[in-house]
Each structure stands twice: as structure tokens, then as C-alpha cells.
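Heavy atoms only: backbone and side chains are in, while hydrogens, waters and symmetry mates are out. The first residue of the sequence shown is numbered 1, and numbering continues consecutively from there. When a ligand or atom number is given, it counts from 1 through the structure's own listing order.
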Amino acid sequence: MASMRAVQVTTAGGDFELVQREISEPGTGEVLIKVEACGVCHGDAIVKDGTFPGIRYPRIPGHEVIGAIAKLGRGIDFFKPGARVGVGWRGGHCGSSSACRRGDFRACENPLTTAISTDGGYAEYMIARAEVLLPIPDELESVAGAPLLCAGRTTFSALKSSVATAGDLVAIQGLGGLGHLALQYAVKMGFKTVVLSRGKSKEDLAMRLGAHKYIDATSNDPVKELKALGGAKVILCTAPNSKAISEVIGGLGRGGQAVIVGAAKDMLQIPAHLLIGSGRSIIGSGAGEIADAVGFSLLTGIIPMVEVFPLEQAALAYEKMMTAKVHFRSVLKMGT
Ligand SMILES: [Zn+2]
Ligand SMILES: [Zn+2]
């Protein structure tokens with residue numbers, strides 16, 4: 001049996017462990033992928049901390065994966081060996097639940113989730129279902145492209161499905177792994193784009209990436225500033241900071257939406273009067289197709305800024321991501 005190097009979590013709350021694992025054979029409808037790069041996402045904390053019910057350990061995290069197909073399972077005729085493919089959070093659908101029978105596979109009631117119900121991409125090889133594979137075009141390099149499969153998909157679809165239309169005022173709260181992509185998407189979608197961040201250190205970057213205005217929340221009141229601009233149609237909350245989100249809701253204009261994509265553990269605390277009368281709303285966004293985000297990124301030249309780590313430094317890559325010390329997304333590169 002051939003073996004591979006992988007980084008796994010053996011128990012909820014346990015450390016990342018570099019181990020030697022058997023390379024699995026792809027079953028019917030599956031492929032074996034030789035992983036080239038895997039992004040490190042805040043969502044990997046679900047595996048690390050065991051906060052999703054029913055995760056079976058040991059489990060290999062990683063749901064921003066790009067690699068080349070090494071082997072086809074039975075029943076696959078669309079893909080060929082050697083083809084580069086991407087895998088995101090969605091790991092498969094059952095094909096027979098009521099949603100699947102309606103053709104709404106994204107709403108499958110019995111889905112597979114990459115790195116939750118199956119092993120993910122913190123490894124030299126992984127098994128994936130063919131129905132969720134995204135063909136990766138040659139011009140998209142694996143390391144820089146990997147974060148598009150979750151961070152990119154999340155922020156792109158949140159903006160695309162929001163109430164904002166061209167010319168509207170959109171505020172991006174936080175300028176990290178999600179925020180630096182959200183800012184570029186917002187600008188390219190034609191929104192008047194404001195970045196809300198703490199301190200001055202990210203102002204230059206924000207302006208370089210096309211922001212029309214930068215608001216330092218430590219020395220200015222973001223609500224006052226947004227109101228002076230007419231009120232935001234959308235505030236995209238990318239930083240997992242419930243207090244900061246709660247404090248900025250008043251900066252929304254009439255009918256404005258706060259769209260939350262960064263999951264914080266603590267509670268949002270929002271006075272009801274800020275929502276009543278003004279028609280403001282707070283929604284979460286987690287859906288969207290990886291193909292749409294990758295397509296728009298290639299169309300508009302949006303490439304994630306990443307720090308690259310070898311597989312054996314997965315713990316460091318994760319730690320830097322969780323403490324927002326990475327510029328701006330950690331990516332594991334295999335074979336380094
Ligand atoms: Zn289903
Ligand atoms: Zn993710």
C-alpha cells in the first residue's frame with residue numbers, strides 16, 4: 001500500500017499531527033487528487049475544536065484544495081487523469097433527498113462536507129466526489145488560487161446576493177483573509193467601497209486595492225462616518241468580532257443589510273430600534289458556487305495574497321491565520 005504524509009487532528013481540541021497515512025483508493029463517483037495546495041481557513045477550527053456534531057476522528061482538515069487527478073474511480077467520464085481540479089467546502093450530495101430530487105443539490109439534506117464528513121486537503125492526496133470538482137484553468141496557479149475556493153466564494157457570493165447594486169455604498173469591515181478579497185470584489189462590482197478597520201496600518205493597502213475611503217475605527221466613529229456618506233447599503237462583516245459588528249449597524253442606511261461571513265463565538269447585541277422603522281436587516285451568508293468566484297476572479301484579475309507554508313508547518317499556518325498575523329491567507333504547498 002502506498003502511503004502519504006498528512007496532517008490530522010486525532011481528537012476534538014487536539015493538536016495537528018504530521019502522520020504517515022495509507023493512500024485510499026477512489027470508489028465509484030470519486031477521484032484521488034494529488035494535492036498541490038490547500039488554503040487554511042477559519043472554518044478549519046470546526047475540525048480542530050470539534051464544534052460540529054458527529055465528526056469522526058482522526059480527521060484531516062482543509063477545504064480549499066487544488067490538485068491534479070491522480071486516479072479515477074468507477075463511473076467518471078467527465079474528468080481525465082492529470083486534470084487540475086478544485087474542491088471547496090461542499091463535498092457531495094446524495095442524489096436522492098427531496099432537495100436533490102428537485103435538482104437543488106446545494107440544498108441536499110444529506111450532504112457531504114469536505115474535511116468534516118470526509119478527509120480534506122492537509123495531505124499529499126485526498127479523495128473527493130466528482131460532482132463537486134471544479135476544473136481549474138491553466139492560468140490559475142494552485143497556491144494563489146486555493147483561497148478562492150472558500151474565502152473567495154464566501155465573500156463574492158455574499159456581495160453578489162446582497163441588496164447592493166452598482167454605485168451603492170458598501171462597507172467592508174475587517175481587512176484580513178476574507179476582507180482583502182471582499183474589498184477587491186466590491187470595487188470590481190462597481191460599489192462605492194469603504195473599508196472599516198482598526199488603526200492606520202492597513203490604510204495604504206486598502207487604498208492600493210481600490211477602496212474609495214478608509215475609516216480607522218479607533219480614531220473615528222464608523223457610524224457617524226457612514227451616515228455622513230448617506231448610510232451603507234451593505235456592511236460586509238468579515239472580522240469575527242461580534243462587538244465590532246454590533247457597534248456598526250447604525251451606519252446602515254434605510255433598507256441596508258449587514259451581511260455576516262466571519263463567525264465569532266460571542267453574541268451579537270443589537271438594540272431592536274436600530275432595525276425597526278429603518279428596514280435594516282442582518283443576515284448571514286455562506287452559500288455560493290466556487291465556479292462563480294473563480295470565474296469572476298479570473299475575469300477581473302483578483303488573486304489572493306498568501307503566505308506559503310510547507311505541510312509540516314500546518315500548525316503555524318493555522319495559528320497565524322487564527323491570530324490574524326498572516327498576510328492575508330495561509331496556504332499549505334505540498335512537496336516543499
Ligand atoms: Zn441529497
Ligand atoms: Zn473556509
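Counting non-hydrogen atoms of neighbouring residues, nucleotides and ligands closer than 6.0 angstrom, the NZ atom of K48 exceeds 12 such neighbours.
At a threshold of 2.8 Å, the Zn ion (ligand 1) has a backbone or side-chain N, O or S atom of C108 nearer than that distance. In summary, S98 places no N/O/S atom under 2.8 Å from the Zn ion (ligand 1), failing the contact criterion. Note on H63: counted as a metal contact of the Zn ion (ligand 2), an N/O/S atom lying under 2.8 Å.
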For Q20 and S3, run side-chain hydrogen bond (donor to acceptor under 3.5 Å, both in side chains): C-alpha distance rounded to whole Å, both residues' side-chain angles, the deciding distance at 0.1 Å, then the answer. CA-CA 6 Å; Q20 207 66 32; S3 70; 3.1 Å; yes
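In this structure, G91 and T114 approach most closely via the heavy-atom pair CA-OG1, 3.5 Å.
Classification of R90 and E289 as a salt-bridged pair holds, one side-chain N sitting under 4.0 Å from a carboxylate O.
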